Amino acid sequence: MNSGESLPLLDIESLVVEYHTLRAVVKAVDRVSLSVEKGETLGLVGESGCGKSTLGLSAVRLVPSPGRITSGSVTLDKTDIVNCSEGEIRRVRGKRVGYIFQDPMTSLNPVKNVGAHFVEMIRTHDPQISREDALRRAQDVLAHLGILPDRLLDFPHQFSGGMRQRVMIGLALALNPELIIADEPTTSLDVIVEAQIIELLKELKERLKLTLVLITHNIGIVAETADRVAVMYAGRLSELGETDGLFAKPMHPYTQALLKSVPNITKKDQVLSWIPGTPPDLAEPPPGCLFHPRCPCAFDRCRNEEPQLLKHDDTEVACHLYDRR
Amino acid sequence: MSSILEVTNLKKYFPVEKSFLDKLFTSQKSYVHAVDDISFSMNRGDILGIVGESGSGKSTTARLCLKLVEPSSGSIVFDGMDVAKLGGEEIRRFRRNMQLIFQDPTASLSPRIKVGDAIRHALSFQGVSTPSEQTERTRAILERVGLKPWSNFYNRYPHQLSGGQRQRVVIARALVLNPKFVVADEPIAMVDVSVRAQILELMLELKKEFDLTYLFITHDLAMANYVCRSIAIMYLGKILETGPKEEVFSRPLHPYTLALLSSIPVPDPKAKLERIIPKGEIPSPINPPKGCRFHPRCPYAQAVCSEREPQLEETEPSHMVACFFPRT
């Protein structure tokens, strides 16, 4: 993925998303910059509460209140997501960016059949299309996902968990969006079904040349599907690099520790380690590097000065260990 | 051999509630075959992992062992006692020896009870020792599970703790009674990735220290591989394969075990994956398939698989599989 002359499809520039609560202002996303090139899959990993979902939601300006984007920019192929009109952002959601949420049960309307979901989705963006044509298009999409056409009349509760997630994927793909954001698409599924969905995403990625942002805490899924990986910790980007390189040679101590804490079934007698302590309370973040209270390599500078994301070979990393200035 | 838990031909069928109209017109009752004729035994000090997908009956098995639900038939013998025959005061004494760690630490702690009191209640409910000794034991166990110093945690409410710390409180509450046997139902599923290994290590340490026997219920094969000594693979209420961990994971015999193992995402982009993913999903346990329960999804199924049900048979010492055509 070189970022040559062509502009990236999604460009996020020092984005800040704050949640204003009575107790404090929490920076859920703190000056994050990253870009997604056309056709690539970016894996966004981190523990719960690291801001990965908030980052995903801000790409379609759906950060729930009391959260709001306070500075920075999000650009989707020349469209300014942060400042565009309400009408413009509606044309982005669903049409230009498809979103797959974690829990397919709560994302589907229980009193509407699956066909009606597709009709609503397609006709909202293009009222010219008739109901029948919309249903036909839904059939085509679902056929790719292994769902029979007659199931369009069924309601969400009549589908199993895996099938519901296929419907969600179908809805996200229905309007041929430029970008798909999948937030924990397999977290509520069983292992075998999870594997089915991952294989499906890999196949769709190849066939439809999808651009995909995959938000997950599951390191295994990222290793399998992503071209590049962005690691987030406490609202900040700590490392960003190509998947192979990042797994072979993780640079940030957090990435190193995270990779060592994941059990690998193909390895015998693996010794797992863990990260002592807990992620910081973002209402009262520690000074300097946010990871320093848990970091085995922390030194004085880490406690006082915040590390910047700097480029080292093919990887970008925010850690004083690599900053020789 | 000192067997601590002996489960024989255990069955649990839950009746399916029908609507009033259905009751009028049909007389046939239907049942969810949650656990359907399983047998296993555990020796003192064992760590057995019951692994399966949702709907396999693994959690029901755990609840049966603890007498939280009554079996439809079959027997559970714990430490020489027939669990089914226990009543009243005996159940309370039995539970002192067999404790449970639930999946969700937030749901298993009352939000209005300070964590120290939550642990202490277990002791006072069991009528163990005097109030001052109870407090003393509570403090000691808090420190033992890593919540040090106890004074920082005793008077906190669950919402003031992190997920990992809450799970430690739940572990402390289970162990404060000095049980012999602990059932852990998905103990790390709700805990953050970076602290999972720490909770597992703690549980393994405590096992040695308190001389415990663990029954782990999990869907996470990688975790089972890390902590368990033996494994039982469950599918639709049946045990399909069981044996020592090394055997089951490095030489799986049942096609379903093979499928499970090949489905796990491997945290290594260079790993070569040869996936055998069965089609579809686990069928309804109300009308489970005839013959081998896995045959409709099995890539190697033959005619006999839909007619007769394979029994668990020993193929190698202590490695048992219920399949007519085990993989070799």
Side-chain angles (χ1 to χ4, degrees), chain A residues 45-50 146 160-163 186 188-196 198-199 216-227 229 233 242-248 254 257-279 281 294, chain B residues 51-56 146 160-165 188-202 218-227 235 245-246 249-250 256 259-273 275-284 297:
Chain A
V45 294
E47 295 175 81
S48 43
C50 73
S160 65
M163 284 306 224
T186 62
S188 54
L189 306 175
D190 272 318
V191 246
I192 290 183
V193 184
E194 177 175 62
Q196 289 170 349
I198 294 169
E199 291 295 324
T216 181
H217 68 276
N218 190 324
I219 311 287
I221 293 177
V222 168
E224 254 185 61
T225 50
D227 303 310
V229 183
Y233 182 77
E242 308 230 334
T243 309
D244 287 354
L246 190 128
F247 274 84
Y254 175 65
L258 193 65
L259 292 182
K260 274 189 209 142
S261 70
V262 183
N264 182 344
I265 196 139
T266 58
K267 281 196 186 143
K268 281 209 177 84
D269 303 320
Q270 189 191 9
V271 179
L272 290 185
S273 55
W274 58 82
I275 307 173
T278 50
D281 178 0
R294 303 173 79 188
Chain B
V51 181
E53 295 176 273
S54 41
S56 63
Q160 295 171 305
L161 305 181
S162 72
Q165 288 169 336
I188 55 161
M190 310 287 273
V191 178
D192 254 328
V193 193
S194 69
V195 284
R196 281 184 179 179
Q198 196 178 12
I199 297 283
L200 292 180
E201 280 302 330
L202 173 71
T218 184
H219 68 278
D220 183 341
L221 284 97
M223 178 210 126
N225 181 40
Y226 190 69
V227 287
Y235 183 77
K245 173 191 83 185
E246 296 78 15
F249 282 154
S250 48
Y256 178 65
L260 273 183
L261 287 170
S262 73
S263 296
I264 307 166
V266 175
D268 176 4
K270 298 227 161 51
K272 293 259 183 303
L273 298 171
R275 286 209 156 132
I276 323 142
I277 305 177
K279 284 201 171 58
E281 288 173 48
I282 192 163
S284 157
R297 301 172 70 195

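Numbers restart at 1 for each chain; the letters A, B, ... are given by sequence-line order, proteins then strands. The basis for the numbers below is simple: all heavy atoms, side chains too, and nothing from hydrogens, waters or symmetry mates. Not measured: the values here are computed from a predicted model.
- Atom OG of S263(B) sits about 9.0 Å away from atom CD of E199(A), to the nearest 0.5 Å.
- Neither the backbone nor the side chain of E246(B) has a heavy atom closer than 4.5 Å to any heavy atom of chain A.
- In terms of heavy-atom pairs under 4.5 angstrom with chain A, the leader among G55(B), A259(B), P278(B) is P278(B).
- Heavy-atom distances place the backbone of K267(A), and not its side chain, under 4.5 Å from chain B.
- Within the 3.5 Å criterion, the main-chain N or O of G280(B) finds a donor-acceptor partner in the side chain of Q196(A).
- Of all the heavy atoms in A223(A) and D268(B), the pair that sits closest is CB-N, 3.6 Å.
- Proximity to chain A involves both the backbone and the side chain of S54(B), based on heavy atoms less than 4.5 angstrom apart.
- Highest contact tally toward chain B, considering only G161(A), S160(A), G277(A), is held by S160(A) [criterion: heavy-atom pairs under 4.5 Å].
- Using a 4.5 Å cut-off between heavy atoms, E194(A) contacts chain B through its side chain alone, with no backbone atom that close.
- Taking each heavy atom of N225(B) and N264(A) in turn, the nearest pair found is ND2-O, 4.4 Å.
- Partners of S250(B) under the side-chain hydrogen bond (donor to acceptor under 3.5 Å, both in side chains) rule, at least two apart in sequence or in another chain, do not exist in this structure.
- Here CD of E281(B) is found 8.0 Å from CG of D190(A). Values are rounded to the nearest 0.5 Å.
- S273(A) and A197(B) make their closest contact through O-CB, 3.5 Å (heavy atoms, listed as atom of the first residue, atom of the second, distance).
- Minimum interatomic distance between Y226(B) and Q270(A) (heavy atoms only, all atoms of both residues): CE1-O, 3.2 Å.
- Per-residue counts of heavy-atom pairs under 4.5 Å with chain B were compared for T243(A), V271(A), V191(A); the largest is that of V191(A).
- In this structure, chain A has heavy atoms under 4.5 Å from both the backbone and the side chain of L221(B).
- For chain B, the nearby part of T278(A) is the side chain; its heavy atoms alone come within less than 4.5 Å.
- Using a 4.5 Å cut-off between heavy atoms, T225(A) makes no contact with chain B at all.
- With a 4.5 angstrom heavy-atom cutoff, S48(A) touches chain B via backbone and side-chain atoms both.
- In this structure, chain B has a heavy atom under 4.5 Å from the side chain of N218(A), while its backbone stays farther away.
- Rounding to the nearest 0.5 Å gives a distance of 11.0 Å between CZ of R275(B) and CD1 of I192(A).
- Counting all heavy atoms, side chain and backbone alike, D244(A) lies closest to K270(B) at CB-NZ, 4.1 Å.
- In plain terms, the two heavy atoms of S194(B) and R294(A) that are nearest each other are OG-NH2, 3.4 Å.
- Annotation: side chain of P267(B) is not in contact with side chain of L259(A) (no heavy-atom distance under 4.5 Å).
- When atom types are taken as modelled, the side chain of E53(B) and the backbone of L189(A) share no donor-acceptor pair closer than 3.5 angstrom.
- To the nearest 0.5 Å, atoms CD (Q198(B)) and CD1 (I275(A)) are separated by 10.0 Å.
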